[in-house]
Amino acid sequence: MILRLNGRIINREGVFPKIAMEPKPPQLTREDIWQLLAEIKDPEIPAVSLVEMGMVRQVGLQESKVIVILSPTFSGCPALDVMRGEIDRRLREVGAPEVEVRLSLAPPWSTDWITPQGREKLKGFGLAPPPLHSGRLQLALEQPVACPYCASTHTEVKNDFGPTLCRAILYCHDCRQPFEQFKPL
Amino acid sequence: METDLKNTLRELLIALADDELILGHRDSEWCSHAPILEEDIAFANLALDEIGHANLWYSLSAELEEAESQSYVDRIVFWRDAPDFRNIQMVELPNGDWAFSMLRQYLFDSAEIERLNVLAESAFAPLAETAAKIRTEEHYHLRHTRLWLRRLGLGTAESRQRLQAALDQLWPYTGQLFELPGERDHLLGLGIKMAQASPSWEAQVIPFLSECQLALPAGARRALNRQGHTRHLAVLLNEMQSVARLDPEAEW
């Protein structure tokens, strides 16, 4: 019996391996990849994408391989592996034959890299966005934090540590609600 | 890379990672046992941070060995026995009083920042970059522990007495905080000048402890190498490694 796949005979010796080895011509453009990455959300903050978080540093396209350079946020963040897996899965779905996610530590990721749209979405999610600090983290930590619900700065830090590594717990004395802040880093 | 430099680097990375791993495990033991909910959350976060930092150092070591990262890290964490660990003894001491854990965290993190400042200047770029990355996160640890040491030290007679008891117990171990494995010359060959870190740490920590109304213990600070351990490490490892060793083939 002759087996055919996409019109080719595949059970003849030497033919099948050739088909399997043939690299798929990359139909993806860099724009496509950025577009796709802009749809992948941070699993701990599903309102914001990896691109809005400023985590995607670079996208490279080789013959048969897509390379994504990613800056991890907090180094102990367990969401990182989920995000890497998601990037791999989604890019393969749209035809990337091989995906490599490289982590880049230098320069270290900063909350200053979160895009203006990302900051707005954080607020909508109930998370006060981190202040811009240009590396002067100590100063950022002293700044009053505006409540994401009523914008009052009559607020107080209750705990520097919250439900995830990137969040602190605060309280608003005006609208009398607890809220969370994305911690400046 | 020359062999002795590579060996120095390997030993250094494992020592840095082991400190973070063992402290992270001790911190994790507070999960669901801390005095109040907020502090339960805080220690769980601290644990996650420290174990995350350990993972960065171990992964760098894997890179150096050209080993596959995940299996290398699993092997080195779950399949070494106590004599092969290179952490300092302070981090392996059992928790006991919550004031003890808070003070240990402060003493370690404040020293770690000094160590990271030195490492961030290393000529070996991956080491320097990792140190710089970790350093940014330590600000939160220090802010948290300093706040609590003030509260405990300036709080009630009981809270001060318990914090003082913790300091009496921990202070002798601080002599080991800047102890690194490897020949001094080899470390210098990597651009690591740790000598400046210890005086800088003392200049910051000693006045702060006195601000918290604590008396510095008179006893000597022991400069131990990283080969020796207290009996507590084996007990800790026995628990930490038990699941992995139960079924070495398990995928998780």
Side-chain angles (χ1 to χ4, degrees), chain A residues 44 54-55 57 69-81 84-85 100-113 130-131 133-143 145 156-171 178 180-185, chain B residues 17 20-21 23-24 27-28 30-31 34 36-60 63 69-70 73 105 113 116 120 122 124-148 252:
Chain A
E44 286 182 346
M55 292 177 69
R57 302 315 297 160
I69 299 185
L70 203 63
S71 279
T73 58
F74 284 76
S75 16
C77 179
L80 184 63
D81 282 339
R84 293 178 78 168
E100 187 188 339
V101 182
R102 281 188 207 155
L103 296 183
S104 154
L105 297 182
W109 181 82
S110 160
T111 45
D112 279 7
W113 298 354
H133 59 77
S134 323
R136 287 159 299 179
L137 191 61
Q138 290 295 352
L139 281 182
L141 292 175
E142 305 299 326
Q143 274 189 44
V145 180
E156 186 188 350
V157 178
K158 287 290 182 190
N159 194 347
D160 267 336
F161 299 96
T164 68
L165 287 183
C166 55
R167 306 191 208 177
I169 300 172
L170 290 89
Y171 183 77
E180 291 170 8
Q181 183 205 20
F182 197 109
K183 281 148 68 162
L185 191 68
Chain B
E20 306 259 25
L21 174 74
L23 182 60
D27 289 345
S28 78
W30 280 111
C31 191
I36 52 174
L37 180 62
E38 282 79 357
E39 292 315 305
D40 206 291
I41 294 170
F43 258 120
N45 273 270
L46 291 168
L48 202 52
D49 269 342
E50 303 300 14
I51 293 169
H53 298 165
N55 192 34
L56 283 180
W57 292 127
Y58 288 131
S59 302
L60 198 49
E63 223 173 275
S69 186
Q70 196 54 58
V73 177
Q105 193 70 38
I113 290 184
L116 293 171
S122 164
F124 181 54
L127 179 77
E129 289 169 3
T130 305
K133 168 71 184 157
I134 293 176
R135 185 170 53 180
T136 57
E137 295 168 17
E138 290 293 335
H139 287 289
Y140 286 101
H141 294 202
L142 213 51
R143 194 159 97 124
H144 186 74
T145 52
R146 283 171 65 100
L147 188 66
W148 271 104
W252 43 302

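No hydrogens, no waters, no symmetry mates; every other heavy atom, side chains included, goes into these values.
- A donor-acceptor contact shorter than 3.5 Å is absent between the side chain of A:Lys158 and the backbone of A:Pro178.
- A:Thr164 touches chain B through its backbone: at least one of N, CA, C or O sits under 4.5 Å from a heavy atom, while the side chain does not.
- B:Lys133 places a side-chain N or O within donor-acceptor distance of the main-chain N or O of A:Thr73, the cut-off being under 3.5 Å.
- In terms of heavy-atom pairs under 4.5 Å with chain B, the best-connected choice from A:Asn159, A:Leu185, A:Leu165 is A:Leu165.
- Defined by atom type and a distance below 3.5 Å, a donor-acceptor pair is missing between the side-chain atoms of B:Gln105 and B:Trp148.
- Neither the backbone nor the side chain of A:Leu80 comes within less than 4.5 Å of any heavy atom of chain B.
- For A:Arg57, the side-chain hydrogen bond (donor to acceptor under 3.5 Å, both in side chains) criterion is met by no residue, not counting sequence neighbours.
- Using modelled atom types, no side-chain atom of A:Gln181 and backbone atom of A:Leu170 make a donor-acceptor pair closer than 3.5 Å.
- Only the side chain of A:Pro78 comes within contact range of chain B, with heavy atoms under 4.5 Å apart.
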**Item:** side chain to side chain contact (heavy atoms under 4.5 Å, CB included) evaluation trace for A:His133 with A:Asp112
**Value:** CA-CA 7 Å; A:His133 59 77; A:Asp112 279 7; 3.7 Å; yes
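- Residues of residues 50-60 of chain B lying under 4.5 angstrom from chain A, judged on non-hydrogen atoms, are B:Gly52, B:His53, B:Leu56 in numerical order.
- Counting all heavy atoms, side chain and backbone alike, A:Thr111 lies closest to A:Pro130 at CB-CG, 3.4 Å.
- The candidate with the highest count of non-hydrogen atom pairs below 4.5 Å against chain A, out of B:His144, B:Glu129, B:Arg135, B:Arg143, is B:Arg143.
- For the atom pair CG of B:Asn45 and OG of B:Ser28, the computed distance is 12.5 Å after rounding to the nearest 0.5 Å.
- With hydrogens and angles ignored, the 3.5 Å screen pairs no side-chain donor or acceptor of B:Asp49 with any backbone N or O of A:Gly76.
- With a 4.5 angstrom heavy-atom cutoff, A:Ser71 does not touch chain B via any of its atoms.
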